[in-house]
Amino acid sequence: MLLSRLARVSQEVAAASARSRKITLLAELFRDTGADEVPIVIPYLAGRLPQGRLGVGWKALSRPVTPAAEPTLTVREVDALLSRLGEVSGPGSQAERARLVGELLGAATADEQRFLSGLLTGEVRQGALDAVAVEGLARATETPPADVRRAVMLAGSLQTVAGALLADGPAALERFRLTVGRPVLPMLAHSASSVAEAVGKLGACAVEEKLDGIRVQVHRDGGTVRVHTRTLDDITDRLPEVTAAARELPGERFILDGEVISFGEDGRPRSFQETAGRVGSRVDVATAAREVPVSPVFFDALSVDGRDLLDLPFAERHAELARLVPEPLRVRRTAVSGPEDLGAAEEFLAETLERGHEGVVVKGLDAPYSAGRRGASWLKVKPVHTLDLVVLAAEWGHGRRTGKLSNLHLGARTADGGFAMLGKTFKGMTDAMLAWQTERLRELAVDESGYVVTVRPELVVEIAYDGLQRSPRYPAGVTLRFARVVRYREDKRPEEADTVEALLAAHPGVRP
DNA sequence: TTCCGACAGTGGGGTCGCAAT
DNA sequence: ATTGCGACCCCACTATCGGAA
């Protein structure tokens, strides 16, 4: 198949607004795809590369290359070249990668270049990624979409399922069962604004502490232990403590879901930055493990001794977990019978925060494990802080925000009467707010020459955030975690905005 | 007919590791 | 030694479509 056909379909998919139309377009293309091209074409149209990431980003693609006049590239040729590109390493590798990228783009037409750039930078923007491609695949192979979806969750990969399905038909899905040693996409949580809201929705539930660390899925098959992240990357080698803990459990074959976190000598959790830095260290793991030891803390069991537990109610899965894992290695939790028992849930949240954790996750007791989905039966509740800050500048948006000032630079007042930038945010704005702020900020602009528009510091905005963290980048030495806009405060003058001093006082645990 | 679940999009900060400077 | 870049960790929120209620 020619790459030009893929690029054209991708453009048509982007132009279609109805999801059903997107699915039809994808299904038509998948029907015309040869069995050996399937593992390439399907991920490409789901916005991903079969090779994973390649070390080629926005920068490497920014140099313009004269496009080819006629489309000649086949998808197999593109795949072969990208595979070679992914294997380049060592000194001189950046130049060699740039050369290969140039070779690829030079053989592509302008339309193909656009498609390839989007693919390599992970910005396909056709309004159809994995989930829509799964629907298209299901239609092309006349397989129930739910069956395909489930197989993808269990395989942890779209292209594996696509290859099997197009080669052997719907019967091939039988092969994708929960298997110890093969990671499955983890279940995710929705947010709730309060424990009352969460308990109101779920009724009888468990309230569990939410640890601010790294999500892990731990597989043990006899003497072999593997540890995977939320995106199913294998991080076993970086976490010897987790491997050791899994080997000591009284079971030979299991899959557990949990969090890895580092506790200080006082028993309190270290900051997310410290835990993440430790888990990110790959070169000298022994030293990193001595300085910042981590512990696994489990909250779910997906498989125990060959039994697939995914479809069991959470209450039963947790009973299995409790049989296998001793209490210190499980997250703290409390059982709540329903809204009439709200006091117990709120007390548990307060205690959890007191112990230095992030918040709680409220979980319905009868829900199955919805692998790969953001199940409505897990609701996280975290405290939210707010500040009144001043807009110092704004950046022009991309994609559907093109032509709108989107990303705000936020400042707090300093002792000398100026403002210190605390970070940026593009979150929380409605389309109406985007339109309004574009107009208002242009009135306040002092420099509109670049992609950052600097403004007079006069507009006050209420910002919600999850906490303060140390920053090497911003002048106050701290930055806001997950800042988002709540509303504009035109009733407030910049002199009434919050100060850096007050912010630091509100977060005594964080120092610049 | 209205409501709501699932998805895609729009980017945020930090840290690590590698290659280039 | 320092800097720039890419990969992954963590993530909030809105708009939209289409099936459920």
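Convention: sequence-line order gives letters A, B, ...; per-chain numbering from 1.
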*So, Tyr488(A) and Glu462(A): side-chain donor and acceptor under 3.5 Å apart, yes or no?*
no
*Do the side chain of His409(A) and the main chain of Ala393(A) share a donor and acceptor less than 3.5 angstrom apart?*
no
*Please report the closest heavy-atom contact between Pro457(A) and Leu392(A), naming both atoms and the distance.*
CB-CD2, 4.0 Å
*asked:* Expressed as a whole number of angstroms, how long is the span from Leu408(A):CG to dC13(C):C1'?
replied: 14 Å
*Is the gap between the ring centers of His398(A) and Tyr451(A) under 6.0 Å?*
no
*Would you please confirm or rule out a distance under 4.0 Å between OP1 or OP2 of dC13(C) and any side-chain N or O of Arg484(A)?*
yes
*Side chain of Ala18(A): nearest nucleotide among dG13(B), dG17(B), dC17(C)?*
dC17(C)
_Heavy atoms only, 4.0 Å cut-off, all strands: where does Thr275(A) land among base, sugar-phosphate and nothing?_
nothing
_Less than 3.5 Å apart, any donor N or O on the side chain of Thr24(A) or Arg139(A) sitting next to an acceptor on the other?_
yes
*Interatomic distance, Glu123(A) CD vs dA7(C) P [rounded to whole Å]*: 12 Å
*From the list dA20(B), dG17(B), dG9(B), which nucleotide is the closest neighbour of the side chain of Leu129(A)?*
dG9(B)
*Would you mind telling me which residue lines up with the more 5' stretch of DNA chain B, Gly399(A) or Ser471(A), judged by nearest nucleotide?*
Gly399(A)
*Between Tyr465(A) (OH) and dG13(B) (P), how many Å, whole number?*
16 Å
*Between Asp233(A) and Arg400(A), name the one whose nearest nucleotide on DNA chain C is closer to the 5' end.*
Asp233(A)
_Closest listed nucleotide, where the reference is the side chain of Lys382(A) and the choices are dC7(B), dC11(C), dA19(B)_ = dC11(C)
*Nucleotide of dA19(B), dT15(B), dC9(C) approaching Gln273(A) most closely (side-chain heavy atoms)*: dT15(B)
*Between Lys210(A) and dC11(C), is there a side-chain N or O to OP1/OP2 distance below 4.0 Å?*
yes
_Just to be sure I understand the rule, does Val283(A) reach a base, reach only the sugar-phosphate, or reach nothing, if contact means heavy atoms closer than 4.0 Å?_
sugar-phosphate
*With a 4.0 Å cut-off on heavy atoms, is Lys22(A) in touch with a base, just the backbone sugar-phosphate, or nothing at all?*
nothing
*Phosphate OP1/OP2 of dG11(B) contacted by Ser406(A) side-chain N/O (<4.0 Å)*: yes
*Looking at every strand, decide which applies to Lys427(A) at a 4.0 Å heavy-atom threshold: base, sugar-phosphate, or nothing.*
base
*For the pair made of CG in Asp466(A) and P in dA12(C), what is the distance, rounded to whole Å?*
6 Å
*When the nearest nucleotide of DNA chain C is assigned to Thr430(A) and to Leu54(A) on a heavy-atom basis, which residue is associated with the more 5' position?*
Leu54(A)
*Across the strands shown, which category fits Ala376(A) at heavy-atom distances under 4.0 angstrom: base, sugar-phosphate, nothing?*
nothing
*Is the distance from OP1 or OP2 of dG11(B) to the nearest side-chain N or O of His398(A) less than 4.0 Å?*
yes
*Phosphate oxygens OP1/OP2 of dT10(B): is one of them under 4.0 Å from a side-chain N or O of Asn407(A)?*
no
_Tell me the interatomic distance from His385(A), atom NE2, to dA12(C), atom C1', rounded to whole angstroms._
15 Å
*Take atom NZ of Lys59(A) and atom P of dT3(C), then tell me their distance rounded to the nearest Å.*
17 Å
*Look at Arg401(A) and dG11(B) and indicate whether a side-chain polar atom (N or O) is within less than 4.0 Å of OP1 or OP2.*
no
_Within the 4.0 Å heavy-atom criterion, would you say Ala276(A) contacts the bases, only the backbone, or no part of the nucleic acid?_
nothing
*Without swapping roles, check the side chain of Ser117(A) against the backbone of Gln113(A) for a donor-acceptor pair under 3.5 Å.*
yes
*Assess the side chains of Glu274(A) and Ser262(A): does a donor N or O sit below 3.5 Å from an acceptor N or O?*
no
*May I have the distance from Ile23(A) (atom CD1) to dG18(C) (atom P), rounded to whole angstrom?*
8 Å
*Upstream residue (5' side of DNA chain B) when Glu274(A) and Arg125(A) are each assigned their closest nucleotide*: Arg125(A)
*Between Glu209(A) and Arg355(A), does at least one N-O distance fall below 4.0 Å, as a salt bridge requires?*
yes
*Just by distance, with hydrogens left out, do Asp257(A) and Tyr369(A) show a side-chain donor and acceptor under 3.5 Å apart?*
yes
*Rounded to whole angstrom units, what separation is found between the CG atom of Asp237(A) and the C1' atom of dG17(B)?*
16 Å
*Please tell me which of the listed nucleotides, dC9(C), dG12(B), dA19(B), lies nearest to the side chain of Ile235(A)?*
dC9(C)
*How is Val279(A) classified with respect to the nucleic acid when contacts are heavy atoms under 4.0 Å: base, sugar-phosphate, or nothing?*
nothing
_Nearest listed nucleotide, side chain of Ile214(A), among dC10(C), dG13(B), dT10(B)_ = dC10(C)
*Looking at every strand, decide which applies to Ser93(A) at a 4.0 Å heavy-atom threshold: base, sugar-phosphate, or nothing.*
sugar-phosphate
*asked:* Taking the minimum atom-to-atom distance to the side chain of Arg473(A), which one of dG13(B), dA15(C), dA6(B) wins?
replied: dG13(B)
*Nearest-neighbour nucleotide for the Arg481(A) side chain, dC16(B), dG11(B), dC10(C) considered*: dC10(C)
*Taking any strand in view, what nucleotide pairs with dC7(B) in a Watson-Crick or G-U wobble way, both distances under 3.5 Å?*
none
*asked:* Side-chain N or O of Thr229(A) versus OP1/OP2 of dC8(C): is the shortest distance under 4.0 Å?
replied: no
*Give Lys404(A) one of three labels, base, sugar-phosphate or nothing, depending on what nucleic acid heavy atoms sit under 4.0 Å from its own.*
nothing
*Consider the side chain of Gln469(A), meaning its heavy atoms from C-beta on, and name the nucleotide among dA6(B), dG14(B), dG17(B) that approaches it most closely.*
dG14(B)
*asked:* Strictly below 4.0 Å: does Ser20(A) bring a side-chain N or O up to OP1 or OP2 of dC17(C)?
replied: no
*Using only side-chain N and O atoms of Ser191(A), determine if any of them is under 4.0 Å from OP1 or OP2 of dC13(C).*
no
*Picking from dA20(B), dA12(C), dC17(C), which would you name as closest to the side chain of Pro91(A)?*
dA20(B)
